[in-house]
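Down below is the structure, laid out as structure tokens.
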Protein chains: 2
Amino acid sequence: MVKNNCRRHGWWNIKFRGCGYRLTSGREAILDILSKSEGHLSAEDIYMKLHPKYPNIGLTTIYRTLDVLANLGLIFKFDFGDKRARYELAEGPKGAQHHHHLICTSCKRVIDYTDFIDEEVKLLNETEKGLCQKYEFKITNHLIQFYGLCKICAKR
Amino acid sequence: MVKNNCRRHGWWNIKFRGCGYRLTSGREAILDILSKSEGHLSAEDIYMKLHPKYPNIGLTTIYRTLDVLANLGLIFKFDFGDKRARYELAEGPKGAQHHHHLICTSCKRVIDYTDFIDEEVKLLNETEKGLCQKYEFKITNHLIQFYGLCKICAKR
DNA sequence: ATCCTATATGAAAATGGTTTCCATTAGCAA
DNA sequence: TTGCTAATGGAAACCATTTTCATATAGGAT
């Protein structure tokens with residue numbers, strides 16, 4: 001009862017229910033992991049972190065839930081070139097701050113950065129406006145990533 | 001003989017040989033397709049286009065060649081979210097001009113645009129400089145993509 | 001032109017992240 | 001509590017990409 005009551009007040013509750021999705025303990029647990037861990041989690045990462053406490057949540061459910069969350073805009077799905085999708089919480093009431101990524105093409109390490117974001121976003125907004133008009137394209141999101149060699153890999 | 005002579009003078013010849021790769025008719029054919037077709041080709045697209053004229057070039061070779069070409073920086077590999085890698089010729093003597101992508105999240109259509117590129121690249125260069133210093137990260141490449149709904153999909 | 005050896009190749013099999021199937025379970029509105 | 005429908009998990013299917021391995025070929029040396 002208490003647990004159930006708790007769920008009813010989660011900040012994502014409204015969004016979930018509003019879109020006709022049900023709030024299950026599995027989904028709650030997955031969102032919980034995502035908000036507690038630093039980003040860049042793969043489906044299997046989440047499965048591993050979840051398994052000790054929730055051994056009955058299968059990989060399939062995790063994939064399905066991540067899909068739902070991404071569709072709702074609660075999380076973002078990334079491809080960092082290591083052959084598996086990676087997910088991180090989008091900005092939200094408890095969300096991490098907006099950042100972009102530096103990706104090491106050698107060791108696949110990913111560094112988040114928040115510097116320069118403001119300038120980047122400002123330019124992006126102007127660009128978006130122009131592109132919207134010219135191509136009648138309704139832009140909802142953008143992706144900026146820098147590729148190169150991290151400190152360690154560069155020394156070889 | 002003539003053909004062979006021809007090959008020796010392809011603009012990519014130097015780069016190939018310089019890196020210890022051999023210039024084979026298969027590789028030449030793949031580069032040829034890439035430079036003749038408008039971008040966004042998948043490995044299978046290339047296979048299909050190649051097959052009528054070169055029925056003896058297998059998919060495996062195409063994957064391997066694309067890998068080599070990407071490592072040499074002659075082509076770029078993209079992920080547009082349709083579950084298969086897509087490749088396009090990088091800028092070069094005969095290469096297409098620098099552009100970025102608009103990706104429709106509904107129909108997966110990709111639109112190239114060259115507008116705003118200059119401003120974008122200018123900002124990116126500054127950002128790169130700053131990031132390089134702060135994170136000691138040697139940036140070699142960047143990716144900018146906009147996601148949203150194309151003209152047609154937006155009307156639903 | 002011919003030899004020689006490392007590189008390149010193709011066919012088939014393996015891989016592995018993700019999705020689908022389907023019978024069962026569980027939200028949640030009434 | 002009941003009923004309807006969405007959600008779930010395990011196993012099997014999917015499918016782009018990679019690996020394996022025996023054979024062919026590029027291209028430098030002779």
Side-chain angles (χ1 to χ4, degrees), chain A residues 1 3-10 12-14 16-31 40-48 50-51 54-72 77-87 108, chain B residues 1 3-10 12-14 16-31 40-48 50-51 54-72 77-87 108:
Chain A
M1 259 336 121
K3 181 122 192 272
N4 197 26
N5 191 47
C6 223
R7 258 190 236 158
R8 286 179 188 287
H9 292 84
W12 54 71
N13 184 5
I14 298 145
F16 247 91
R17 304 277 291 283
C19 295
Y21 292 111
R22 292 174 183 174
L23 194 53
T24 66
S25 57
R27 285 171 176 178
E28 191 178 34
I30 291 169
L31 259 171
H40 315 158
L41 295 178
S42 68
E44 198 177 348
D45 288 341
I46 295 169
Y47 179 77
M48 292 308 202
L50 229 48
H51 201 66
Y54 302 85
N56 49 337
I57 293 179
L59 239 191
T60 308
T61 294
I62 292 176
Y63 276 109
R64 273 186 297 225
T65 299
L66 290 170
D67 209 47
V68 169
L69 293 174
N71 282 336
L72 289 177
K77 182 178 184 180
F78 289 98
D79 166 30
F80 294 146
D82 65 345
K83 323 242 183 214
R84 72 200 57 202
R86 297 195 168 267
Y87 303 83
K108 311 293 180 196
Chain B
M1 259 333 118
K3 184 125 191 269
N4 197 28
N5 192 45
C6 223
R7 259 188 233 159
R8 287 180 188 286
H9 293 85
W12 53 70
N13 184 7
I14 298 145
F16 249 92
R17 304 277 290 282
C19 294
Y21 294 109
R22 292 176 182 173
L23 193 53
T24 66
S25 57
R27 287 171 174 177
E28 193 178 34
I30 292 169
L31 259 170
H40 314 154
L41 295 178
S42 68
E44 197 177 348
D45 289 340
I46 295 169
Y47 178 77
M48 292 309 201
L50 228 47
H51 200 66
Y54 302 85
N56 48 336
I57 294 179
L59 240 192
T60 309
T61 294
I62 292 175
Y63 276 109
R64 275 187 294 224
T65 298
L66 290 170
D67 209 47
V68 169
L69 294 174
N71 283 335
L72 290 177
K77 182 178 183 178
F78 289 98
D79 166 32
F80 294 146
D82 66 344
K83 323 244 182 212
R84 71 199 58 204
R86 296 195 170 267
Y87 302 82
K108 311 295 179 195

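These numbers come from a predicted model, not from an experiment.
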Original post:
Looking at C:dC21, D:dA16, C:dT9, which one has an atom nearest to any side-chain atom of A:Arg64?
Top reply: C:dC21
Subject >> Which atom of B:Tyr47 lies closest to which atom of B:Ile62, heavy atoms considered >> reply: CA-CD1, 3.4 Å
**OP:** Starting from P on D:dT5, measure out to OH on A:Tyr21 and report it in whole angstrom.
**Re:** 18 Å
**OP:** Apply side-chain contact (heavy atoms from CB on, under 4.5 Å) to A:Tyr63 and A:Thr60, showing your working.
**Re:** CA-CA 5 Å; A:Tyr63 276 109; A:Thr60 308; 5.9 Å; no
Subject >> B:Ala85 side chain, from C-beta outward: closest of C:dC28, D:dT17, C:dT20 >> reply: D:dT17
Original post:
Under 4.0 Å between a side-chain N/O of A:Arg27 and OP1 or OP2 of D:dA7, yes or no?
Top reply: yes
Original post:
Counting just side-chain N and O atoms, does A:Tyr63 come under 4.0 Å of either OP1 or OP2 of C:dT18?
Top reply: yes
Subject >> salt bridge (charged side-chain N to carboxylate O under 4.0 Å, His left out) partners for B:Arg64, two or more places apart >> reply: none
**OP:** Specify the separation, in whole Å, of atom CD of B:Glu28 and atom P of D:dG27.
**Re:** 10 Å
Original post:
Under 4.0 Å: is that the gap between some side-chain N or O of B:Arg17 and OP1 or OP2 of D:dG28?
Top reply: yes
**OP:** Give A:Arg22 one of three labels, base, sugar-phosphate or nothing, depending on what nucleic acid heavy atoms sit under 4.0 Å from its own.
**Re:** base
Subject >> Nearest-angstrom distance from the residue atom CD1 of B:Ile46 to C1' of D:dT17 >> reply: 14 Å
Original post:
Between atom CG in B:Leu23 and atom P in D:dT25, what is the gap in whole Å?
Top reply: 16 Å
**OP:** For A:Asp67 and for B:Asn56, find the nucleotide of DNA chain C with the closest heavy atom, then tell me which residue's nucleotide is more 5'.
**Re:** B:Asn56
Subject >> Phosphate OP1/OP2 of D:dT8 contacted by A:Thr24 side-chain N/O (<4.0 Å) >> reply: yes
**OP:** Find the distance B:Ile62:CD1 to D:dA16:C1' and express it as a whole number of Å.
**Re:** 13 Å
Original post:
Can you tell me how far C1' of D:dC15 sits from CD of B:Glu44, to the nearest Å?
Top reply: 10 Å
Subject >> Length of the line joining B:Ile30:CD1 and C:dA8:C1', which is rounded to integer Å >> reply: 11 Å
Original post:
If you pin A:Leu59 and B:Gly20 to their nearest nucleotides in DNA chain C, which one's is more 5'?
Top reply: B:Gly20
**OP:** Report yes if some heavy atom in the side chain of A:Thr24 is under 4.5 Å from a heavy atom in the side chain of A:Phe16; otherwise report no.
**Re:** no
**OP:** Report the residue from B:Arg86, B:Arg84, B:His40 that forms a side-chain hydrogen bond (donor to acceptor under 3.5 Å, both in side chains) with B:Asp45.
**Re:** B:Arg86
Subject >> C:dT19 OP1/OP2 closer than 4.0 Å to side-chain N/O of B:Lys83 >> reply: yes
**OP:** Using atom CG of A:Leu50 as one end and atom C1' of D:dT8 as the other, report the distance to the nearest whole Å.
**Re:** 14 Å
